[in-house]
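To keep things clear, I will list the structure first and then write my remarks on it.
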Amino acid sequence: MPELPEVETIRRSLLPHLVGLPILGCEIYLPKLLQNLSAEEFSQSIRGRHVEDILRRGKYLVLRLSGGYTLVVHLRMTGQLRFVHEDAPCPPHTHIVLKFAAGMVLRYTDIRQFGYWFLAPDSGIEQVARLERLGVEPLALDFTVGHLEALLSGRRGKIKAVLLDQARIAGVGNIYADEALFGAGLHPARAAGSLAPEEIARLHRHLQEVLNQGILMRGTTLRDYVDGSGESGGFQHKLKVYGQKGQPCSKCQTPIARLVIAGRGTHLCPNCQV
DNA sequence: CGGTGCCTGCTG
DNA sequence: CAGCAGGCACCG
């Protein structure tokens, strides 16, 4: 479900509510979501700590807790985190609940049960949650055109596969990859190493543009995505190719096509993207 | 690299 | 009822 803009929106929506609050307890209904601890160990380890900060790394949400512990959550396809009062109706597929004061709870809901949680001391969390394998943050200042060029050059794989590879660029998923490639006028199946310098510069600019727009619009809600307050995003109204199969291209009116590239449904304008 | 599995639910 | 879904780990 959520890509970088959605996770960033969740982070921002939770931050002002959660920081400083002690975790009074938790309920684990689906222990397999806990990747590195049993339900018992998790409960023992998290109880009494308070949330000091919330960060994001790629599509991972990173909660710094007091006492030198970090909680890492990946929402995969259908995970949702909502900070609500316990009296609010509890959605189906709610698997983990963290309890705070005054009846407030952080509910983790995940229809497909693909998401996962890690809890570990700060010193070990990077390795435990495999954050260390993630590539560059595409909105960071050090992600330059030259950096993108280095990631692409000499590679025979498809551009789209590179954009989706979290070990190279962290946080880009299927929607924003398709939108960035459309903006840059590049065919997703092009060999990564075949891009001319001006094409790399275009891809860099449009990738940052769609991610920033996605954040500005508070994410893309196609099915399940909501932020930490349960609010839908708005970027679905701005999509130019993703999910637009058969619709006229916004630039040239050619019907948008859907192919499978890099194993994923891929949307593109067959005329504009070469 | 591509293919498969993990799950459940919605769409055509 | 098959096919598909904002993801990723694992296999060969």
Side-chain angles (χ1 to χ4, degrees), chain A residues 1-11 29-36 56-61 72-81 91-96 108-118 127-135 138 154-182 188-193 207 210-211 213-215 217-227 231-246 258-267:
Chain A
M1 161 178 83
E3 309 181 27
L4 187 155
E6 288 74 38
V7 180
E8 179 62 23
T9 303
I10 293 169
R11 185 188 79 79
Y29 304 108
L30 192 63
K32 74 167 185 179
L33 294 178
L34 307 172
Q35 294 297 296
N36 67 316
R56 179 192 57 74
R57 181 75 176 94
K59 300 172 194 171
Y60 291 81
L61 204 60
V72 170
V73 177
H74 196 304
L75 306 165
R76 291 291 274 272
M77 298 283 266
T78 52
Q80 302 173 331
L81 276 174
H93 308 285
T94 295
H95 305 309
I96 300 180
Y108 180 75
T109 302
D110 189 347
I111 294 173
R112 294 177 70 182
Q113 309 177 13
F114 286 174
Y116 35 58
W117 290 42
F118 304 90
Q127 187 171 18
V128 166
R130 302 195 205 91
L131 300 181
E132 55 192 9
R133 357 170 33 179
L134 294 176
R155 305 205 74 258
R156 281 145 45 108
K158 300 172 171 65
I159 327 174
K160 174 149 177 179
V162 173
L163 293 180
L164 293 179
D165 183 354
Q166 302 301 299
R168 295 195 177 81
I169 303 172
V172 180
N174 211 25
I175 295 179
Y176 295 93
D178 282 3
E179 293 296 315
L181 288 166
F182 172 78
R190 281 272 297 280
L207 182 58
V210 295
L211 293 173
Q213 281 295 313
I215 294 172
M217 301 294 292
R218 304 179 50 82
T220 303
T221 299
L222 293 178
R223 297 177 182 80
D224 309 294
Y225 167 73
V226 290
D227 72 8
E231 300 284 323
S232 294
F235 196 66
Q236 64 277 11
H237 303 302
K238 303 284 184 183
L239 297 176
K240 296 192 169 137
V241 286
Y242 189 89
Q244 306 302 305
K245 179 182 172 184
R258 180 187 181 278
L259 312 172
V260 175
I261 296 172
R264 308 294 300 278
T266 299
H267 310 75

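All chains are named by letter (A, B, ...) in the order of the sequence lines, taking the proteins before the strands, and each is independently numbered beginning at 1. The structure presented is a predicted model; accordingly, all values stated were derived computationally and were not measured. Just so it is clear, the values below take in all heavy atoms, side chains as well, and ignore hydrogens, waters and symmetry mates.
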Quick check against the 3.5 Å criterion: does [X] have a side-chain atom that pairs as donor or acceptor with the backbone of [Y]?
| X | Y | value |
| --- | --- | --- |
| Glu6(A) | Thr220(A) | yes |
| Glu3(A) | Tyr176(A) | yes |
| Thr94(A) | Thr109(A) | no |

Mind calculating the distance between [atom1] ([X]) and [atom2] ([N]) to the nearest angstrom?
| X | N | atom1 | atom2 | answer |
| --- | --- | --- | --- | --- |
| Glu3(A) | dC8(C) | CD | P | 9 Å |
| Arg264(A) | dC4(C) | CZ | P | 13 Å |
| Leu75(A) | dG6(C) | CG | C1' | 10 Å |
| Leu222(A) | dT11(B) | CG | P | 12 Å |
| Lys245(A) | dG12(B) | NZ | C1' | 11 Å |
| Arg112(A) | dG6(C) | CZ | P | 9 Å |
| Leu30(A) | dT8(B) | CG | C1' | 12 Å |
| Asp165(A) | dG7(C) | CG | P | 13 Å |

Under 4.0 Å between any heavy atoms, over every strand shown, what does [X] touch: base, sugar-phosphate, or nothing? Just pick one.
| X | value |
| --- | --- |
| Tyr116(A) | sugar-phosphate |
| Gly263(A) | nothing |
| Gly265(A) | sugar-phosphate |

message = For a salt bridge (charged side-chain N to carboxylate O under 4.0 Å, His left out) check, start with the C-alpha distance between Asp178(A) and Arg264(A), then their side-chain angles and the critical distance, and finish with the verdict.
response = CA-CA 10 Å; Asp178(A) 282 3; Arg264(A) 308 294 300 278; over 6 Å; no
query = Where do Val241(A) and His267(A) come nearest, in terms of heavy atoms and distance?
reply = O-CB, 3.1 Å
Using the [atom1] atom as the point on both nucleotides, what is the distance between [M] and [N], in whole Å?
| N | M | atom1 | result |
| --- | --- | --- | --- |
| dC4(C) | dT4(B) | P | 13 Å |
| dG3(C) | dG3(B) | P | 16 Å |
| dG9(B) | dC8(C) | P | 22 Å |

[X] side chain, from C-beta outward: closest of [options]:
| X | options | result |
| --- | --- | --- |
| Lys158(A) | dG6(C), dA9(C), dG2(B) | dG2(B) |
| Arg76(A) | dC1(B), dG7(C), dA9(C) | dG7(C) |
| Gln113(A) | dA9(C), dG6(C), dC7(B) | dC7(B) |
| Arg258(A) | dT8(B), dC4(C), dG6(C) | dC4(C) |
| Lys32(A) | dC6(B), dG7(C), dA5(C) | dC6(B) |
| Arg130(A) | dA9(C), dG6(C), dT8(B) | dA9(C) |
| Asn174(A) | dG6(C), dC1(B), dC8(C) | dG6(C) |

request  = Sort out the partner of dG3(B) for me: Watson-Crick or G-U wobble, both distances under 3.5 Å, none otherwise.
outcome  =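 dC10(C) - that is the nucleotide pairing with dG3(B), both distances being under 3.5 Å.
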inquiry  = For dA2(C), give the paired nucleotide (Watson-Crick: N1-N3 plus N6-O4 or O6-N4; G-U: N1-O2 and O6-N3; both under 3.5 Å), or none.
reply    = dT11(B)
inquiry  = Which is it for dG5(B), anti or syn, if anything within 90° of zero counts as syn?
reply    =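 In terms of base orientation relative to the sugar, dG5(B) is anti.
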key: Aromatic-base stack, Phe114(A) on dG7(C), cutoff 5.5 Å, angle under 30   = yes
request  = Measure the acute angle between the ring planes of Tyr108(A) and Trp117(A), then classify it against the limits of 30° and 60° as parallel, tilted or perpendicular.
outcome  =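 Answer is perpendicular, since the angle exceeds 60°.
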Using OP1 and OP2 only, check whether a side-chain N or O of [X] sits under 4.0 Å from [N].
| X | N | result |
| --- | --- | --- |
| Arg155(A) | dC1(B) | yes |
| His74(A) | dC8(C) | yes |
| Lys59(A) | dG7(C) | yes |

key: Ionic contact status for Arg76(A) with Asp110(A), cut-off 4.0 Å   =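 Salt bridge between Asp110(A) and Arg76(A), a charged N being under 4.0 Å from a carboxylate O: no.
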key: Earlier contact from the 5' end, DNA chain B, for Ala262(A) and His93(A)   =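 Looking at the nearest nucleotide for each, Ala262(A) comes out on the 5' side.
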